Amino acid sequence: MTQYATRALIDRIAYSGHDPAEDPAWTTTGAPSQSTYGRWCRHMCGIACLRMVLLHRDGQAPKPFQLLAGARRYGAYAKQDDGTIKGLIYAPFAEYARDTYDLPVTVHGTLEMGELVDLLDAGRMVMASVSKEIRRPEIDPERRGGHLVLAIGRHKDQIAFRNPSGHTPQAREAALPTHRFAEFFGSRGLSLDLSRPQYHSPPHAAAVTSDPSTGPVASTQTT
């Protein structure tokens with residue numbers, strides 16, 4: 001699953017200047033208009049990760065722009081003074097996931113690689129902040145963090161993850177040695193507890209652990 005409607009266009013969007021608003025499949029995302037899709041799709045890596053988690057746990061999930069609308073109501077996105085979209089704000093996003101989908105989420109303003117590994121070994125999935133260029137792991141990144149991928153597990157020294165902006169099948173469903181993943185990792189993220197049964201009714205508990213004063217965010221856009 002990707003944050004873009006058409007997977008085959010991601011390479012062109014990322015590296016050839018293709019306008020994502022020209023995606024002919026934009027209507028499948030639930031976007032209210034083509035221009036709205038074009039404005040938001042670059043910023044929806046976290047939404048794509050949440051949708052993957054819900055599909056895995058429940059076998060179903062709302063369309064991406066339905067999830068986005070809910071997250072925005074909780075204040076999980078903000079705009080800069082110039083009107084540009086500021087990336088995902090972790091604490092209200094975690095509150096949205098808890099309240100709406102009974103999905104316990106812990107915000108990690110600081111998360112070391114050893115802690116990430118421990119979370120995966122404990123059965124959690126982790127929305128990890130990484131460089132967007134993790135899709136080309138043979139190239140050293142210019143920065144760490146800024147884009148969210150869903151780390152789903154560990155096998156020996158390999159971190160398995162799903163990348164919403166992967167430009168090839170191998171980049172979308174990937175695995176990297178722990179030490180190489182660390183070169184892209186921004187040492188922050190959100191861990192998700194999938195141990196609850198399928199969501200049916202409003203939750204009654206499940207506190208969110210977060211630090212609202214820090215408000216860690218993802219980057220302004222993925223590509």
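By convention here, the first residue in the shown sequence is residue 1. None of these values were measured; they are calculated from a predicted model.
When atom types are taken as modelled, the side chain of Ser131 and the backbone of Gly145 share no donor-acceptor pair closer than 3.5 angstrom.
Applying the ring pair (Phe, Tyr, Trp, His ring centres under 6.0 Å) definition to pairs two or more places apart or across chains, those involving residues 18-40 are Trp40-Tyr77. Among pairs with a residue in residues 147-157, those fulfilling salt bridge (Lys or Arg N to Asp or Glu O under 4.0 Å) read Asp121-Arg154, at least two apart in sequence or across chains.
For the side chain to side chain contact (heavy atoms under 4.5 Å, CB included) test, residues two or more places apart in sequence or in another chain that qualify with Gln158 are Ala175, Pro177. For Arg73, there are no side-chain hydrogen bond (donor to acceptor under 3.5 Å, both in side chains) partners two or more places apart in sequence or in a different chain. Remark: Met52 engages Met1, Cys49, Leu150, Arg162, Pro164 in a side chain to side chain contact (heavy atoms under 4.5 Å, CB included) (not counting sequence neighbours). For the salt bridge (Lys or Arg N to Asp or Glu O under 4.0 Å) test, no residue two or more places apart in sequence or in another chain qualifies with Arg7. By the side chain to side chain contact (heavy atoms under 4.5 Å, CB included) test, Pro32 pairs with Thr36, Phe65, sequence neighbours left out. Listed by chain and number, the residues in a side chain to side chain contact (heavy atoms under 4.5 Å, CB included) with Ala25 are Ala5, Thr6, Asp23, Thr28 (sequence neighbours excluded). Annotation: salt bridge (Lys or Arg N to Asp or Glu O under 4.0 Å) contacts of Arg180 (sequence neighbours excluded): Asp140. For Arg39, there are no salt bridge (Lys or Arg N to Asp or Glu O under 4.0 Å) partners, not counting sequence neighbours. By the salt bridge (Lys or Arg N to Asp or Glu O under 4.0 Å) test, Asp11 pairs with no residue at all, sequence neighbours left out.
Between Gln34 and Ala21, the shortest heavy-atom distance links the atoms NE2-O, 2.6 Å. Of all heavy-atom pairs spanning Gly75 and Ile89, the tightest one is O-CD1, 3.8 Å. The nearest pair of heavy atoms linking Pro20 to Tyr4 is CB-CE2, 4.2 Å. Taking both residues in full, the closest heavy atoms of Glu112 and Ser187 are given as OE1-OG, 4.5 Å, listed atom of the first, atom of the second, then distance. Considering every non-hydrogen atom in both Ala94 and Leu190, the closest pair reads CB-CD2, 4.4 Å. The two residues Gly46 and Leu148 make their nearest non-hydrogen contact at CA-CD1, 3.8 Å.
Between Tyr74 and Tyr96, the ring planes are tilted. Angles from 30° to 60° get that label.
In this structure, CE on Met44 lies 10.0 Å from CD1 on Ile85, to the nearest 0.5 angstrom. Distance check: Arg98 CZ to Asp193 CG gives 14.0 Å after rounding to the nearest 0.5 Å. Within the model, atoms CG of Leu88 and CG of Leu68 stand 9.5 Å from one another, a figure rounded to the nearest 0.5 Å. If you take CG on Leu67 and OG1 on Thr29, they are separated by 11.0 Å, rounding to the nearest 0.5 Å. With rounding to the nearest 0.5 angstrom, the CG atom of Leu194 is 6.0 Å from the CG atom of Leu103. In this structure, the separation between NE2 on His167 and CG on Leu9 is 14.0 Å, given to the nearest 0.5 Å.
Side-chain contact check for Arg172 and Thr2: no donor-acceptor pair (N or O, by modelled atom type) lies under 3.5 Å.
Taking Ile, Leu, Val, Met, Phe, Trp and Tyr as members and joining any whose side-chain heavy atoms lie under 4.5 Å apart, directly or through other members, the hydrophobic cluster of Phe181 also contains Leu111, Met113, Leu116, Val117, Leu119, Leu120, Val126, Val130, Ile134, Val149, Ile159, Phe161, Leu176, Phe184, Phe185.
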Walk me through it: do Met127 and Val105 pass the test side chain to side chain contact (heavy atoms under 4.5 Å, CB included)? CA-CA 10 Å; Met127 290 169 55; Val105 177; over 6 Å; no
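Taking 4.5 Å as the limit, some side-chain heavy atom of Arg42 sits within range of a side-chain heavy atom of Ile13. Using a 4.5 Å heavy-atom threshold, the side chains of Tyr101 and Asp58 count as separate.
Tested against Asn163, the residues Lys132, His147, Arg135, Gln170 include a single side-chain hydrogen bond (donor to acceptor under 3.5 Å, both in side chains) partner, His147.
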